[in-house]
Amino acid sequence: MNEHSVLIAGGGPVGAIAALALARQGIAVRVFEAAAAIDESPRAATTHPATLEMLADLGLIDDLVARGLVARTFQFWDRPSARLIAEFDHAVLARDTSYPFVVQCEQHKLVNLAIERLSGLPNARYDFATQVTEVEAGADAVEITLRQGDRTERMTGSYLIGADGGRSTVRKALGIAFDGYTFPERFLVLTTPFDFAQERGCGFRSYFSDPDEWANLFKVAGNDGRGLWRVVFPTLPGETDDEVFNETSVQRRLQKFFPKSGSYPNVHQRVAARFSKGRAFLAGDAAHVNNPIGGLGLNCGIHDAVELASLLVKVLRGEESADQLDRYDARRRPINVKYVQEQTIANKKRLEAKDPEARAENFAFLRRTAADPTAHRAFLLRTSLLESVRAG
Ligand SMILES: Cc1cc2nc3c(=O)[nH]c(=O)nc-3n(C[C@H](O)[C@H](O)[C@H](O)COP(=O)(O)OP(=O)(O)OC[C@H]3O[C@@H](n4cnc5c(N)ncnc54)[C@H](O)[C@@H]3O)c2cc1C
């Protein structure tokens, strides 16, 4: 094994988890993170049962639960009539998993936890403010160029993981297409301490269907553990930042609620044409992006990280031949298309449907599914990604 067995571009949640999964098995890992600090903007929070199982294997589950909120159920509402349409309860998965619930834990807390663990492992190193600018993936090694301020440095490793997010430098350097589309509307995330559970009877994960303006509502623990609610709305296509963030518009969107802060990401549905090329691999948002309805993007990214790490460990230890690494693209790409792209597109359509008949059909489907124990379980096995990790 050479000094740096695996180089990782990007120290977000996927890069940090990949590093931990490798380093715990004794593999020498270097993580290069372009930013000077962890991004604390409101992004992923929902950690599904399939991912909880993996985080438990990495020894992170207790800390994740302690820093987050456990949510057993999620709800679908009709926003115009303020009617609860259906509630799904992960308790029906009690025989399928040791974690029949989701944990709402902000993604920056997971990154911090992983970095903390990495700092205790002598074979792992995580560098902030270090950008990967160039990649050369040769037959026997990968070579990358790093930039730290004015300084540049070349580094060689056996393998490279591109976990450098949706705009991935690694993906571009490998010449891998990122096929799909970008929605005309952006998604606005507003954060408020207003207690929707007490005031409105909402669960910690609530999806609101509305022909005019759908919404998603989530409770997270917040940094002080006292709880914050995030409300996600679509903006209008073409709406400018000024129009979205002026007080009248924020108040209109939040109605009676009290905004604290907002962020404003573009939303895409895209999958890389392949997840690997030679000795370089793509994981997380570098490989696939999707709308956040269903909370699946990061979960699937963590699954990429854990599966890839497990393959790399076997190959680096000589237990498997290097051609087994082809299994990563062969397995993870179709899983993302089937379980993440399809579900998140369907979730968005369900919430934004305008035709009254289509809305009535959606509601009937949700009610029917929630009322039938077999269908209820099958629905949750899919939404929790347990079906995807048990497949093949
Ligand atoms: C509003 C919103 C809500 C969401 N909710 C959920 C949810 O509930 N559940 C869920 O599963 N997903 C959710 N997601 C998706 C989730 O946030 C992403 O899937 C997740 O951040 C992907 O992690 P990542 O590590 O692959 O990429 P990122 O988090 O983007 O991290 C990539 C890292 O790489 C660094 N980097 C970039 N370029 C370089 C370079 N050249 N060199 C070195 N470092 C580099 C970046 O600074 C960054 O730290 C949500 C997203 C949004 C926007």
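Numbering of residues begins at 1 and proceeds along the displayed sequence. Each ligand, and each atom within it, is numbered from 1 in the order the structure gives. The figures that follow rest on heavy atoms only: side chains count, while hydrogens, waters and symmetry mates do not.
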Measure from NZ or CZ of [X] to the centre of the six-membered ring of [Y], then state whether that distance is under 6.0 Å and the direction lies within 45° of the axis.
{"X": "Arg205", "Y": "Phe74", "value": "yes"}
{"X": "Lys348", "Y": "Phe183", "value": "yes"}
{"X": "Arg171", "Y": "Phe178", "value": "yes"}

Kindly compute the distance separating [atom1] ([X]) from [atom2] ([Y]), expressed to the nearest 0.5 Å.
{"X": "Asn291", "Y": "Gln269", "atom1": "CG", "atom2": "CD", "answer": "4.5 Å"}
{"X": "Glu106", "Y": "Asn223", "atom1": "CD", "atom2": "CG", "answer": "6.5 Å"}
{"X": "Leu380", "Y": "Thr383", "atom1": "CG", "atom2": "OG1", "answer": "4.5 Å"}

Do [Y] and [X] have ring centroids that are under 6.0 Å from one another?
{"X": "Phe208", "Y": "Trp77", "value": "yes"}
{"X": "Phe365", "Y": "Phe363", "value": "no"}
{"X": "Phe88", "Y": "Phe379", "value": "yes"}

Inset, instruction - Go through the steps for Asp39 and Ser41 under the test side chain to side chain donor-acceptor pair (under 3.5 Å), then give the verdict. - result: CA-CA 6 Å; Asp39 178 3; Ser41 62; 2.9 Å; yes
Would you check whether [X] reaches within less than 4.0 Å of ligand 1, judged by its heavy atoms?
{"X": "Gly301", "result": "no"}
{"X": "Leu296", "result": "yes"}
{"X": "Phe187", "result": "no"}
{"X": "Thr130", "result": "yes"}

Quick check: [X] and ligand 1, any N/O pair under 3.5 Å apart?
{"X": "Ala286", "value": "no"}
{"X": "Ala9", "value": "no"}
{"X": "Val132", "value": "yes"}
{"X": "Gly297", "value": "yes"}
{"X": "Gly284", "value": "no"}

Legend entry - Parallel, tilted or perpendicular, as decided by the 30° and 60° cut-offs, for the rings of Tyr328 and Phe275: tilted
Per-atom contacts of ligand 1 with [X], taking only distances under 4.0 Å to non-hydrogen atoms:
{"X": "Val189", "result": "1 (C)"}
{"X": "Ala45", "result": "7 (C), 8 (O)"}
{"X": "Gly295", "result": "7 (C), 8 (O), 9 (N), 10 (C), 11 (O)"}
{"X": "Ala163", "result": "32 (C), 33 (C), 34 (O)"}
{"X": "Thr169", "result": "41 (N)"}
{"X": "Pro292", "result": "2 (C), 3 (C), 4 (C), 5 (N), 50 (C)"}
{"X": "Val14", "result": "23 (O), 24 (P), 25 (O), 26 (O)"}

Legend entry - Side chain, backbone, both or neither: the part of Leu298 lying under 4.0 Å from ligand 1 by heavy atom: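 Both parts.
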Legend entry - Residue part near ligand 1, for Val232, under 4.0 Å between non-hydrogen atoms: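 The answer is neither.
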Inset, instruction - Mind running side chain to side chain donor-acceptor pair (under 3.5 Å) on Thr145 and Arg154 for me, showing each step along the way? - result: CA-CA 5 Å; Thr145 306; Arg154 308 276 283 173; 2.5 Å; yes
Give the single entry among [options] that approaches [atom] most closely by any heavy atom.
{"atom": "atom 36 (N) of ligand 1", "options": "Leu385, Leu282, Asp164, Asn290", "answer": "Asp164"}
{"atom": "atom 45 (C) of ligand 1", "options": "Gly11, Ala34, Ala35", "answer": "Ala34"}
{"atom": "atom 18 (C) of ligand 1", "options": "Asp285, Ile144, Thr46", "answer": "Asp285"}
{"atom": "atom 23 (O) of ligand 1", "options": "Gly12, Gly165, Pro13", "answer": "Pro13"}
{"atom": "atom 29 (O) of ligand 1", "options": "His303, Arg167, Gln131, Arg43", "answer": "Arg43"}

Inset, instruction - Please indicate whether Glu319 has more than 12 foreign heavy atoms, meaning atoms of other residues, nucleotides or ligands, lying under 6.0 Å from its CD. - result: yes
Inset, instruction - Answer yes or no: does atom CZ of Arg382 have more than 12 heavy-atom neighbours from other residues, nucleotides or ligands under 6.0 Å? - result: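 Correct, the count exceeds 12.
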